[in-house]
Amino acid sequence: MSEGNPLENMLAQMEAARPYAEVDDGVFERLKHPERTLKVTLPIHREDGSVEVYEGYRCQFDSARGPYKGGIRFHPAVTRDEVEALAGWMTWKTALMDLPYGGAKGGVVVDPRELSSRETENLTRRYTEGIRRMIGPDMDVPAPDINTGPQTMAWMMDTYSMYAGYVIPDVVTGKPLSIGGTEGRVEATGRGVAITAEHAFEYFQRDLESATVAIQGFGNVGSVTARLLDRRGADIVAVSDITGGVHNEDGLNVAALENHVERAEGVAGFDGGESIGNDALLRLDVDVLVPAALENVITTEVARELRAGLVLEAANGPTTVEADEILRERDIPVIPDILTNAGGVIVSYLEWVQNSQQYSWDLEQVNADLERRISKAFEETIDAFAQREAPDLRTAAYAVALERVGDAHEVRGIFP
Ligand code: NAD
């Protein structure tokens, strides 16, 4: 097995949890295979008049529990295996949160920093056309992920609605408020990470208010996590993004950093600390390490030298299976991605429910529902860890999720 393959990692995580979950062998076999993956080619006109053809994917991993659900990523490192792994992780995440959804993921192989706004819009619309036969409010509901956001969702919703001839807001979630988005969606994933941090600190009987935190990735998830943990009294001592990193032992001024990132479009150049690279950030002696960028950043090499007291997986798949084993041997707890970053899909679900009822909730109601659901999943994971004598929290979370998806398959049976 190659350490860097996310699909192999995801399948190995499933296998590791199998002895701790009651799942029929035939059903388990089924769950190892995504239901379908569509590859699309996407020609667009560049600003200079030339034509460039991009590639995109949409994987629908499983729908036993409800419509497929999962984000769309624009990134040069997108591959079919990565999209399928991410679709699998969505399946386990929606099941662990007990949402009536399956799992999916989409991606376009592109560095959006090389595109103008118009080119990004055209690529988004062409991608939406490419996958439109497989998405829909009752079929498959995309959402934002890396390098996509509310504007991307607005273009997708508009393109899909144009084909239908009437407006269909609930084909995507993570929309701007003016077209059916929900209060609290932009902050939802980071808020879920912060709530999970509180529960984890309580569980391990540690003090969050005096904790030091390092965060890799300062996009949607990383920046909101930093802001909320800072408000809870923790010291954010280091953050990095694709432009660079910054470190200050006494704690960074998160509000000033956010202002800088907005102006300078990146962390690099922030004068509130010393500059730091990813390698050093991942090995800092801190209470919490929050990977909030890409997968496979905590490798065996990093795991051996990691000094954090706890890893909170805000990104999807940041720890390789081999690294996970080392962290387990070294007694460094990892709060798994399918639990830690589930705030986004919870609030996406709430957006979809509000759209289908043509009714809107206030921020207080959305946040309360998010907190209730993710807290319940945390407790269920802890209970499974203790009762099933699982080796770690990831295995416990997977066991709960696998059983839920497995049960749905068993009662539905195999068609025909
Ligand atoms: P984003 O595009 O808003 O931010 C990604 C961040 O990672 C950016 O700051 C980028 O500069 C940084 N980054 C990229 N390459 C890097 C590198 N080599 N070193 C350091 N930083 C680097 O994306 P996001 O929505 O914040 O997603 C981050 C992670 O969280 C992803 O794994 C995503 O799948 C996961 N996630 C996102 C959501 C959501 O609602 N957006 C929900 C669940 C999980």
Side-chain angles (χ1 to χ4, degrees), residues 6 69-78 82-83 85-90 92-94 96-97 103 105-107 110-113 120 142-153 172-175 181-182 184-193 196 214-227 238-246 257-258 260-262 264-268 270 275-282 289-298 302 312-319 336-349 351 370 374:
K69 185 89 192 82
I72 307 281
R73 171 177 296 196
F74 286 179
H75 196 275
V78 164
E82 183 193 58
V83 171
L86 288 160
W89 283 319
M90 281 307 297
W92 316 130
K93 194 182 305 178
T94 57
L96 182 63
M97 295 302 127
K105 202 78 181 193
V110 62
D111 185 349
R113 290 177 307 170
T120 307
D145 193 71
I146 294 182
N147 290 326
T148 56
Q151 179 61 72
T152 327
M153 295 304 115
V172 290
T173 56
K175 298 177 292 290
T182 182
R185 176 61 183 88
V186 173
E187 302 83 19
T189 308
R191 183 170 296 277
V193 177
T196 311
I215 304 178
Q216 184 198 35
F218 203 69
N220 171 291
V221 179
S223 65
V224 175
T225 300
R227 194 189 313 151
V239 305
S240 70
D241 70 2
I242 196 149
T243 65
V246 60
L257 177 60
E258 284 196 274
H260 169 85
V261 169
E262 205 178 321
E265 294 186 2
V267 169
F270 180 61
S275 109
I276 186 170
N278 272 327
D279 281 351
L281 182 142
L282 294 170
L289 174 65
V290 185
L294 296 169
E295 51 277 5
N296 290 331
V297 292
I298 303 181
V302 173
L312 256 183
E313 292 188 333
N316 285 306
T319 313
D337 48 6
I338 60 170
L339 173 61
T340 307
N341 70 30
V345 73
I346 291 174
V347 176
S348 271
Y349 165 67
E351 178 175 332
L370 159 61
I374 204 162

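Values below: all heavy atoms of this structure, side chains included; hydrogens, waters and symmetry mates excluded. First listed ligand is number 1; within each ligand, the first listed atom is number 1.
Under the side-chain hydrogen bond (donor to acceptor under 3.5 Å, both in side chains) criterion, Asp145 pairs with Arg73, Lys105, sequence neighbours left out. Taking the side-chain hydrogen bond (donor to acceptor under 3.5 Å, both in side chains) definition, one finds that Asp337 meets it with nothing, sequence neighbours left out. Ser223 is linked by a side-chain contact (heavy atoms from CB on, under 4.5 Å) to Phe218, Glu258, counting only residues two or more places apart in sequence or in another chain.
Donor-acceptor pairing under 3.5 Å is recorded for the side chains of Ser240 and Asn278. Side-chain contact of Thr173 with Arg185: a donor-acceptor pair under 3.5 Å is absent, judged by distance alone.
Put simply, the residue from Ile215, Leu281, Val302 that forms a side-chain contact (heavy atoms from CB on, under 4.5 Å) with Leu289 is Leu281.
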Provide, line by line, the atom pairs where ligand 1 and the protein bring an N/O atom each to a distance under 3.5 Å; else say none.
unit_1, atom_1, unit_2, atom_2, d
ligand 1, 2 (O), Asn147, N, 2.8
ligand 1, 3 (O), Asn220, N, 2.8
ligand 1, 9 (O), Phe218, N, 3.0
ligand 1, 9 (O), Gly219, N, 3.0
ligand 1, 11 (O), Ile242, N, 2.9
ligand 1, 19 (N), Asn278, ND2, 2.7
ligand 1, 26 (O), Asn220, N, 3.2
ligand 1, 26 (O), Val221, N, 2.9
ligand 1, 32 (O), Ala293, O, 2.9
ligand 1, 32 (O), Asn316, N, 3.1
ligand 1, 34 (O), Arg73, NH2, 3.0
ligand 1, 34 (O), Asp145, OD1, 2.7
ligand 1, 34 (O), Asp145, OD2, 3.4
ligand 1, 34 (O), Asn316, ND2, 2.8
ligand 1, 40 (O), Arg185, NH1, 3.4
ligand 1, 40 (O), Arg185, NH2, 3.3
ligand 1, 40 (O), Thr189, OG1, 2.8

